[in-house]
Amino acid sequence: MFVDFFYKLRDAGIPVTLTAFLTLHRALQNGLIASLSDFYTASRAILVKSERYFDLFDQIFAHFFEGAEMPDIEGFELDEIAKALLDQWLSDPQSVADALGVDQAELQNLSPEELIEYFKERLKEQTERHDGGNRWIGTGGTSPVGHSGYHPEGLRVGGESRNKSAVKVANERRYKDYSRMGPLTQASMGEALKRLRNMVPSGPKDQVNVRESIYQTMKNAGEIEIVFDRRLKDRLKVILAIDNGGYSMDPYVPVIQTLFNYARSQFKELKTYFFHNTIYDTLWEDPARYRKPKPVAEFAGMDSDTRLILVGDASMAPYELMARDGSIYVHERSGKASIEQLRFLAETFPNNAWLNPVPARMWPYTRTINVIRQVFPMFELTIDGLEQAVDQLMAA
Amino acid sequence: MEQNIEKQGSFTGAKRYVLDEELAKIVNISMSLEMPLLLKGEPGTGKTMLAHAIAENLSMPLIVLNVKSNMKLIDALYQYDTLTRLNDSRFGDSTRDVSRIEDYIKMGKIGQAFTAQERTVLLIDEIDKADTDFQDDMLDVLDQMEFDIIEIDKTIRAKHRPVIVITSNAKKDLSDPFLGRCNFHHIAFPDPDMMRRIIRVHFPEIDTELMNNAIDTFYRLREIATVEKKPATRELVNWIRALSMDPDFKPKQLAKGEVPYLGVLFKKSQDYSVAANQIQGRKRF
């Protein structure tokens, strides 16, 4: 019963497990569910384990049992295109204005948020998919907006990048959150990282030190004297910075997901940040690299005992790393080249390592990898590489 | 979807708990499926009080396990009191039999729930404070409904499966296997209508004007985006109590934008000054 419903939920991305589904049937069998509203309450409590998915569940439920409209998955894509349009607008307002067929001046006064809304409105007007035409957004056309097109002033919205170090990539995949999706922790990776810990005594003195107790008791001529110690606890602080932008990192997503999942469950004090290609003025706490910036300068005050682990392919256009205005983002213009920021981080956190998913034999062919290797000790993102990195991180 | 209760001193009964139908259904389903019910929601939405209300309603004893961040599972199960035994063995003046280790085993909260003579409500409060190991280990115990006391090689089996309510403030995500074995409900913050019912439960005699003005002000203050800890139901109830105790206070003051006893609502100094500024700004216009 309700097998379709189960798969609808799964298709929509709600992590419904089979066990939970069977539990729901147990509830049905027990005669606990007498009406549709009972079923709604019960199925939500049993199947959905996080309020994050409540809204989605509501929509699917309404669709399935009352024939309501399916949730608008397009909205997500629309967001991305609108974001890309905004970036393009910031660097080249004229082409965007032309593409949308509006006056540049009209958009000039809008704030970025308003612009995004505006773009979204315009994008929604286009109701059909549009391939190979010459207006509006689609694929393979000659319109300046879209992907794989060939308009001379065009910008790329999604689609295949022709060159890995694509300059000013318009389409960012901002919502890639490695933490949620992804396979389960791999035991092998756990083994490699297990040694990355720093045991220090902490908490109340609640553990009997047997050796010391015997010694003190003897000293007391048999009058019992019990000595307590604090427990040892892992207090290692770790900062994990992940390159989650651009196509060049795409092939490595699964392995990084594994690493990330493991790190999340293993380290008690883990801070995760995101960057694209390399680090300029800010790191981002949210995977979308949009809402929660963390200025690199703020790291200066942090505990230098913290282990810094960077994950990225370190492959980009050399100027992105070396030039003072190398950032592919217009708003990051502090006048410091990225390489300087990297050196700053390396000095702030002397225990550091860069994990590179690119196979080590390929490293000599990319210039930026060689430059970054001079700043951070670089290791392959493999089990062996991880072990070496742990050695490096724990060498005090 | 919401219900609420004020924690004033000791719990005074399910009469003071506004329970909505949906949550009642979920509780019944969880009880009949014999699965723990996991409640999430921001502080002050009455997660903890639900367990009190269930216990009250079904007249079962309530056992509360307050989870702490450094807690080990064994602490929740049982404790082998070696020190007392050592002491007894030296002085020999207790009624306990030193050679029987069992005399020195004390049950923890989960152990108490298992060994109780009647069915109990077991509240595991703020599970998210503990680390994942604790959560996963506890899950096994709750699943099997038994645990071993290694010192005396004895297995404790639950005499009656307790009704288990687990609360979480969502500080940390709980592990998937953990979630898999619980039923889940998220308690949203009460809307103004529900809040009026809750206030009525607490202050049956309250003046309607005072209540409406206070609730309006309360929800306006909750909208201040930059405060760290938004005032919750508990704060509102205390605030209304403070207001009604002040002989000089008139409900009209609230309508004019004045907020006396702001400190009852905002307890962090930073939040307090942010809120005070906002109120000042509003009064001017």
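Proteins come first, then strands; the chains are lettered A, B, ... in the order of their sequence lines, and each starts at number 1.
Your options are B/Ile29, B/Leu33, B/Asn28, and the one with the most heavy-atom pairs under 4.5 Å with chain A is B/Leu33. Ranking A/Val208, A/Thr17, A/Ile46 against chain B, the residue ahead of the rest is A/Ile46, based on heavy-atom pairs under 4.5 Å. The most heavy-atom pairs under 4.5 Å with chain B, out of A/Leu47, A/Val48, A/Thr19, come from A/Val48.
Using a 4.5 Å cut-off between heavy atoms, A/Ala20 does not touch chain B at all. Proximity to chain B (any heavy atom under 4.5 Å) is shown, for A/Glu223, by both the backbone and the side chain. Proximity to chain B is limited to the side chain of A/Ile226, based on heavy atoms less than 4.5 angstrom apart. The part of B/Leu86 that comes within reach of chain A is its side chain, from C-beta onward, which places non-hydrogen atoms under 4.5 angstrom from that chain. With a 4.5 angstrom heavy-atom cutoff, A/Asn30 touches chain B only via side-chain atoms. Proximity to chain B involves both the backbone and the side chain of A/Thr41, based on heavy atoms less than 4.5 angstrom apart.
Within 6.0 Å of atom CD in A/Glu225, more than 12 heavy atoms from other residues, nucleotides or ligands are found, so the atom counts as buried in its surroundings. No more than 12 heavy atoms of other residues, nucleotides or ligands sit less than 6.0 Å from atom NZ of A/Lys271. In this structure, B/Asp153 places its CG atom where only 12 or fewer heavy-atom neighbours from other residues, nucleotides or ligands lie under 6.0 Å away. More than 12 heavy atoms of other residues, nucleotides or ligands lie within 6.0 Å of NZ in A/Lys294, so this atom counts as buried by the packing criterion.
Put simply, NE2 on B/His186 and CZ on A/Arg44 are 10.0 Å apart, with the number rounded to the nearest 0.5 Å.
Heavy atoms only, all atoms of each residue included: A/Asp38 and B/Lys25 are closest at OD1-CE, 2.7 Å. Contact detail for B/Met35 and A/Thr23: the closest heavy-atom pair is SD-CG2, 3.2 Å. Shown here for A/Phe228 and B/Leu83, the closest heavy-atom pair between the two residues is CZ-CD1, 4.2 Å.
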